[in-house]
2 protein chains.
Amino acid sequence: MKSIPAGPLPSVDEARTLDLERYVPFRLSVLANRVTRAVARVYSRNFRLSAPEWRTMAVLGRYGAMTANTVVEQTAMDKVRVSRAVARLLANGRVTRRTDPDDRRRAILDLTPEGRATYAKIVPMVLAVERDLLSDLTGEERTLLDQIMRKLEQRTAADFAAEDDTEF
Amino acid sequence: MKSIPAGPLPSVDEARTLDLERYVPFRLSVLANRVTRAVARVYSRNFRLSAPEWRTMAVLGRYGAMTANTVVEQTAMDKVRVSRAVARLLANGRVTRRTDPDDRRRAILDLTPEGRATYAKIVPMVLAVERDLLSDLTGEERTLLDQIMRKLEQRTAADFAAEDDTEF
DNA sequence: GGGAATTGATTTCATAAGAAACTAATTGTG
DNA sequence: CACAATTAGTTTCTTATGAAATCAATTCCC
């Protein structure tokens with residue numbers, strides 16, 4: 001019933017069994033959720049921001065004024081989510097929006113001084129969470145983690161675009 | 001608040017800047033979302049299952065009959081989510097539920113033969129997605145990834161339970 | 001120059017999610 | 001034994017999400 005297993009890739013045998021605790025997509029999902037929650041505690045508890053709101057502030061804080069579309073690209077969020085996040089950030093005075101005179105479809109967003117102050121308070125806190133997260137890793141492991149993630153990011157770049165083949 | 005950082009840890013200077021493309025929590029979140037979507041395509045497109053439904057089937061398929069509570073533990077999902085997933089799996093005949101005679105609060109869940117057949121079809125497909133995801137990594141990198149994730153999993157075990165200190 | 005197609009952004013609508021309240025059964029404790 | 005506390009699981013209620021439709025401005029291109 002069982003055939004010859006070999007190599008680091010799942011063997012034919014293993015292909016009949018899915019152990020969630022060893023399955024990288026599942027582990028990645030659980031880990032990311034935990035980390036996301038830990039980071040979210042910082043800005044939600046202390047500043048009443050949602051994740052999309054914080055992400056929007058994060059890119060505006062880092063790169064300065066930009067359009068909603070650029071926020072979408074930088075944050076990997078859906079445009080609807082960004083649109084709603086911006087609406088709330090406008091409502092509580094953390095962000096400004098002005099229509100781009102060169103292309104009146106575009107709205108240029110930027111942090112208000114108050115938004116910038118909030119941003120400056122949050123940054124060290126969320127960096128501390130990252131430091132905490134990585135604190136058990138050696139220098140080498142950190143380097144490798146970065147390298148491995150880079151590879152995985154590349155591989156998944158267009159959400160495994162090659163898979164789309166099967167759509168037709 | 002924190003003491004002097006040094007070496008490979010973020011420096012004081014860096015602590016004023018948050019580059020999302022280098023920030024591990026953000027990268028982890030984006031990566032996990034992409035991978036999750038890729039895996040979800042397999043079971044949603046071909047079998048009309050939601051993520052909670054598939055996760056529930058995955059643990060039942062791997063470990064056999066268990067209570068909803070054990071499903072919650074094994075899948076890292078909220079009990080509400082599991083409850084709803086089970087309701088739908090019951091409705092379309094992939095899972096059975098019988099009250100535990102020893103403790104009539106408990107409901108013991110198991111896959112139906114049909115559920116088991118679906119499970120057997122999905123497993124090789126989602127394993128293929130994992131193989132694809134990891135295909136650019138060397139054997140060493142795979143080992144290191146496993147090791148690093150294990151450390152991060154430990155570190156985040158109780159969602160950074162230590163952070164709860166600040167709640168009071 | 002003027003409609004067709006495209007692009008930036010918002011709104012609508014249906015579904016999913018989770019916190020909190022709830023029901024029912026069991027266990028612990030006086 | 002009885003009743004308070006706990007545990008398993010479901011329901012309710014509010015909010016978040018994203019696909020699709022929509023609106024508005026711009027660009028294509030004949």
Side-chain angles (χ1 to χ4, degrees), chain A residues 29-30 32-34 36-37 40-41 43-45 48-56 59-60 65-92 95-110 159 164 167, chain B residues 29-30 32-34 36-38 40-41 43-45 48-56 59-60 65-92 95-110 159 167:
Chain A
S29 163
V30 171
N33 277 335
R34 288 182 186 175
T36 296
R37 274 201 301 274
R41 271 204 287 269
Y43 55 72
S44 68
R45 193 147 76 194
R48 307 276 136 196
L49 290 168
S50 70
E53 287 165 281
W54 164 241
R55 280 193 181 186
T56 300
V59 296
L60 291 174
M66 62 177 73
T67 66
N69 231 330
T70 308
V71 173
V72 167
E73 287 158 19
Q74 293 293 321
T75 59
M77 291 194 290
D78 187 85
K79 64 183 182 165
V80 179
R81 262 175 104 183
V82 171
S83 174
R84 291 195 263 240
V86 168
R88 296 182 59 184
L89 290 170
L90 286 167
N92 54 44
V95 156
T96 56
R97 168 170 52 190
R98 65 189 177 84
T99 301
D100 182 347
D102 292 347
D103 182 343
R104 293 174 29 252
R105 290 170 304 185
R106 282 194 254 259
I108 297 173
L109 308 168
D110 203 0
D159 270 352
D164 290 348
E167 282 223 294
Chain B
S29 164
V30 171
N33 277 335
R34 288 180 186 176
T36 295
R37 273 200 302 275
R41 272 206 287 271
Y43 54 73
S44 68
R45 192 146 78 192
R48 307 274 137 197
L49 291 168
S50 70
E53 287 166 281
W54 163 242
R55 279 192 181 187
T56 300
V59 297
L60 291 174
M66 61 176 74
T67 67
N69 231 329
T70 309
V71 173
V72 167
E73 287 158 20
Q74 293 293 321
T75 59
M77 291 194 291
D78 187 85
K79 65 181 181 166
V80 179
R81 261 176 105 182
V82 171
S83 174
R84 290 196 265 239
V86 167
R88 296 182 60 184
L89 291 170
L90 286 167
N92 53 43
V95 156
T96 56
R97 168 169 53 190
R98 66 187 177 85
T99 300
D100 182 346
D102 292 348
D103 183 343
R104 292 172 34 252
R105 289 170 305 184
R106 283 194 253 259
I108 297 173
L109 308 168
D110 203 359
D159 270 350
E167 283 222 294

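Chain identifiers are assigned alphabetically (A, B, ...) following the order of the sequence lines, protein sequences preceding nucleic acid strands; residue numbering begins at 1 within each chain.
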* Value in whole Å for how far the P atom of D:dA8 lies from CG of B:Leu109 ->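 Going from CG in B:Leu109 over to P in D:dA8 covers 13 Å.
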Would you say [X] places a side-chain N or O within less than 4.0 Å of OP1 or OP2 belonging to [N]?
| X | N | result |
| --- | --- | --- |
| B:Arg88 | C:dT15 | no |
| A:Ser83 | C:dA9 | no |
| B:Arg106 | D:dT10 | no |
| A:Asn69 | C:dT7 | no |

* Asked: Which pair of non-hydrogen atoms, one from B:Leu89 and one from B:Asn92, has the smallest distance, and what is that distance?
  ->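 Here B:Leu89 and B:Asn92 meet closest at O-OD1, 3.3 Å.
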* Any idea which heavy atoms bring A:Val30 and B:Ala76 closest together, and the distance? ->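 Shortest heavy-atom contact: CG2-CB, 3.9 Å.
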* Is the shortest heavy-atom distance from the side chain of A:Val72 to the side chain of A:Thr67 under 4.5 Å? ->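 No; the side chains remain at least 4.5 Å from each other.
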* **Any A:Asn69 side-chain heavy atom under 4.5 Å of A:Lys79 side chain** =>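 Contact flag for A:Asn69/A:Lys79 side chains = no.
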* Asked: Among D:dT10, D:dA8, D:dT17, which nucleotide sits nearest the side chain of A:Arg81?
  ->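 Comparing D:dT10, D:dA8, D:dT17 against the side chain of A:Arg81, the answer is D:dT17.
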Sort me out a list of protein N/O and nucleotides 19-26 of chain C N/O pairs below 3.5 Å, or just none if empty.
{"residue": "C:dT26", "atom": "OP1", "partner": "B:Arg104", "partner atom": "N", "Å": "3.0"}

* Asked: Heavy atoms under 4.0 Å, any strand shown: does B:Thr67 hit a base, just sugar-phosphate, or nothing?
  ->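 Since only primed, P, OP1 and OP2 atoms lie under 4.0 Å of B:Thr67, the category is sugar-phosphate.
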* Identify whether any heavy atom of B:Ala107 sits under 4.0 Å from a base atom; if not, whether one sits that close to sugar-phosphate; answer base, sugar-phosphate or nothing. =>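 Sugar-phosphate contact only - B:Ala107 comes under 4.0 Å of backbone atoms but never of a base.
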* Asked: B:Ser29 and A:Arg55: side-chain donor and acceptor closer than 3.5 Å?
  ->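 There is such a pair (donor and acceptor under 3.5 Å, judged by atom type) between the side chains of B:Ser29 and A:Arg55.
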* Test log, rule side chain to side chain contact (heavy atoms under 4.5 Å, CB included), inputs B:Met77 and B:Thr56 -> CA-CA 9 Å; B:Met77 291 194 291; B:Thr56 300; 3.8 Å; yes
